[in-house]
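Step one of this worksheet: look at the structure below.
Each residue takes its place number in the sequence, starting with 1.
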Amino acid sequence: MRIFKFGGASVKDADGVKNLVSVLEQVGYEHTLIVVSAMGKTTNAMETVVTSYFRDKSEVAAAIQDVLKYHNDILMDLFENDKHPIFKKIKELFDEVQGFLAWNKSPKHSFVYDQVIGYGELVSTTILSAYLNEVGINNTWLDVRDYIKTDDNYRDAAINWEKTQENISKGIDKSKFYITQGFIGSDDNNFTTTLGREGSDYSAAILAYCLNATAVTIWKDVPGVLNADPRYFDNAQLLNQISYREAIELAFYGASVIHPKTLQPLQRKEIPLLVKSFLEPKNAGTTVGKGPGIEPKVPCFIVKKNQVLMKLSSLDFSFIVEDSISELFKLFHDHKMKVDLIQNSAISFSVCVDNKFGRLNDLLEILKRKFKVNHQEDVSLYTIRHFDTEAITSLQNGKEILLEQRGKETVQLVVK
């Protein structure tokens, strides 16, 4: 059985849905299960519903209506008859959201978030399933929450692999064509949970692992995995083959390749991961699997913007050693600062961090009690895997280098 995963960009409008049908017609859909994300920016819109619920409940109905209208507009383009049962079914799903928010008594933001946000995927797959049936592609719609079971760590739930494997083995017939949701599961009380960052890709990997799939294909709007983000680098080049290990390395440094948690279950069963274009579905794209490194072996460029570079020095010229470093990392953890680079000497410690949650000022206040602190905001961290002289020179040209660190395969530059 094959697993296909389509992200929100692939089904953001009626043309996207029709193109998905074209992809299936070109590459086949027998013995296939497709995992689909919420349409377009629906997750953001559902987050607005959650924000309204906690900020001003009088805004909730309007926020839900906005999301319903977006989907109704897509339905109007897909179905000629506005009396088609799908219109009623989608309205009922949004009524469920409003109903949950009306009776909910939990003050826990993460719990409410997961119960609401998952409807983006439930709606998108319901629409897609109905449209495929309409054009003659018979399919079975699955509620993935009946199969992927998790703990109750809402917004970043951990998989209960034993229960999930049992459910999938009993409930999914590998000879059929299925449509289901990414990103969501359910806990022991059957409340919806979400799987955290890159959750839909992870869903595809979980299903592949439990079904012993032949491959997972992630369909994107790019030709495959590129050696650089074309938004920031010219002449980005397609990578034909990447090993599991290399893909995890690239992801660790910040490349939007594939999240390591998606790769881990695939690697355990050596299930290949294909990254292909839904605009050119017959093209080969990129294969992530067994094998050495990358092909072609070219420098891979990764950039992380809006970073913070801090240099900490001991106030009394004492060494910064294990106990000091341990304390520093605890502070970074407590303030939700992701550490992307470290460099230390006897009496100083430099670190580049991501201030994603805006906790920098609180952290600096604590650090200044024990250290002399110099920091620069809005710096960029460039990483080059498999670097050569030309690659480094191209990055250094015209930039002020604040910190440089080299290893055998990787160079990192913090630039102003």
Side-chain angles (χ1 to χ4, degrees), residues 4-24 34-104 112-145 178-184 192 194 199-200 219 221 278:
F4 288 173
K5 182 264 177 173
F6 290 90
S10 67
V11 289
K12 66 182 179 180
D13 51 28
D15 286 341
V17 173
K18 292 173 183 176
N19 183 70
L20 187 153
V21 173
S22 173
V23 171
L24 295 177
I34 68 173
V35 175
V36 183
S37 300
M39 291 175 151
K41 301 295 184 183
T42 296
T43 299
N44 293 345
M46 297 302 282
E47 287 176 342
T48 300
V49 173
V50 176
T51 300
S52 299
Y53 174 76
F54 283 102
R55 182 182 62 195
D56 183 352
K57 289 182 174 57
S58 67
E59 300 174 352
V60 168
I64 292 174
Q65 188 61 34
D66 287 344
V67 195
L68 174 59
K69 182 181 183 305
Y70 166 70
H71 289 89
N72 272 341
D73 288 345
I74 294 174
L75 290 176
M76 293 292 289
D77 288 337
L78 291 175
F79 297 88
E80 292 181 5
N81 181 3
D82 62 4
K83 304 300 182 186
H84 191 288
I86 188 63
F87 286 86
K88 181 181 178 184
K89 191 177 290 188
I90 296 306
K91 174 67 165 57
E92 288 171 350
L93 286 171
F94 283 103
D95 286 345
E96 285 181 20
V97 178
Q98 201 145 6
F100 163 76
L101 293 175
W103 64 253
N104 172 63
V112 174
Y113 181 96
D114 277 10
Q115 307 323 300
V116 171
I117 221 75
Y119 276 89
E121 278 71 18
L122 295 170
V123 168
S124 67
T125 52
T126 300
I127 291 172
L128 181 59
S129 177
Y131 183 69
L132 286 170
N133 284 326
E134 189 80 358
V135 298
I137 300 178
N138 296 326
N139 65 90
T140 300
W141 183 91
L142 296 179
D143 187 335
V144 79
R145 298 173 297 180
Y178 292 100
I179 296 174
T180 196
Q181 307 78 38
F183 185 50
I184 60 176
T192 304
T194 59
S200 290
W219 296 95
D221 58 357
F278 57 71

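With values rounded to the nearest 0.5 angstrom, Ile74 atom CD1 is found 6.5 Å from Asp13 atom CG. With rounding to the nearest 0.5 angstrom, the CG atom of Leu24 is 9.5 Å from the CG atom of Asn19. Here the CD-OG1 distance, from Glu59 to Thr51, works out to 9.5 Å after rounding to the nearest 0.5 Å. Note that CG of Leu128 and OG1 of Thr180 are 11.5 Å apart. Values are rounded to the nearest 0.5 Å. Residue Tyr131 holds its OH atom at 10.0 Å from CG of Asp77, rounded to the nearest 0.5 Å. Atom CG of Asp95 sits about 8.5 Å away from atom CD1 of Ile64, to the nearest 0.5 Å.
The side-chain heavy atoms of Phe54 and Val112, taken from C-beta on, include a pair separated by under 4.5 Å. Taking the side chain as every heavy atom from C-beta outward, Ile86 and Glu134 never approach each other to under 4.5 Å.
Remark: Lys57 qualifies as a cation-pi partner of Tyr53 under the 6.0 Å distance and 45° angle criteria applied to the six-membered ring.
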Practice item. Mind running side-chain hydrogen bond (donor to acceptor under 3.5 Å, both in side chains) on Asp114 and Thr194 for me, showing each step along the way? Key: CA-CA 6 Å; Asp114 277 10; Thr194 59; 2.8 Å; yes

Exercise for review: Carefully, step by step, assess Val21 and Ile137 under the rule side-chain contact (heavy atoms from CB on, under 4.5 Å).
Suggested key: CA-CA 9 Å; Val21 173; Ile137 300 178; 3.9 Å; yes

Point to revise | Full working for side-chain contact (heavy atoms from CB on, under 4.5 Å) between Asp143 and Leu122 | key: CA-CA 8 Å; Asp143 187 335; Leu122 295 170; 4.2 Å; yes

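Counting all heavy atoms, side chain and backbone alike, Met46 lies closest to Val116 at CE-O, 3.3 Å. Of all heavy-atom pairs spanning Val67 and His71, the tightest one is O-ND1, 2.9 Å. Taking every heavy atom of both residues into account, Tyr119 and Glu96 meet most closely at OH-OE1, 2.7 Å.
Counting heavy-atom neighbours within 6.0 Å of Lys18 NZ, excluding the residue itself, gives a total above 12.
Among the candidates Ser124, Ser200, Ser10, the single residue satisfying the side-chain hydrogen bond (donor to acceptor under 3.5 Å, both in side chains) test with Ser37 is Ser200.
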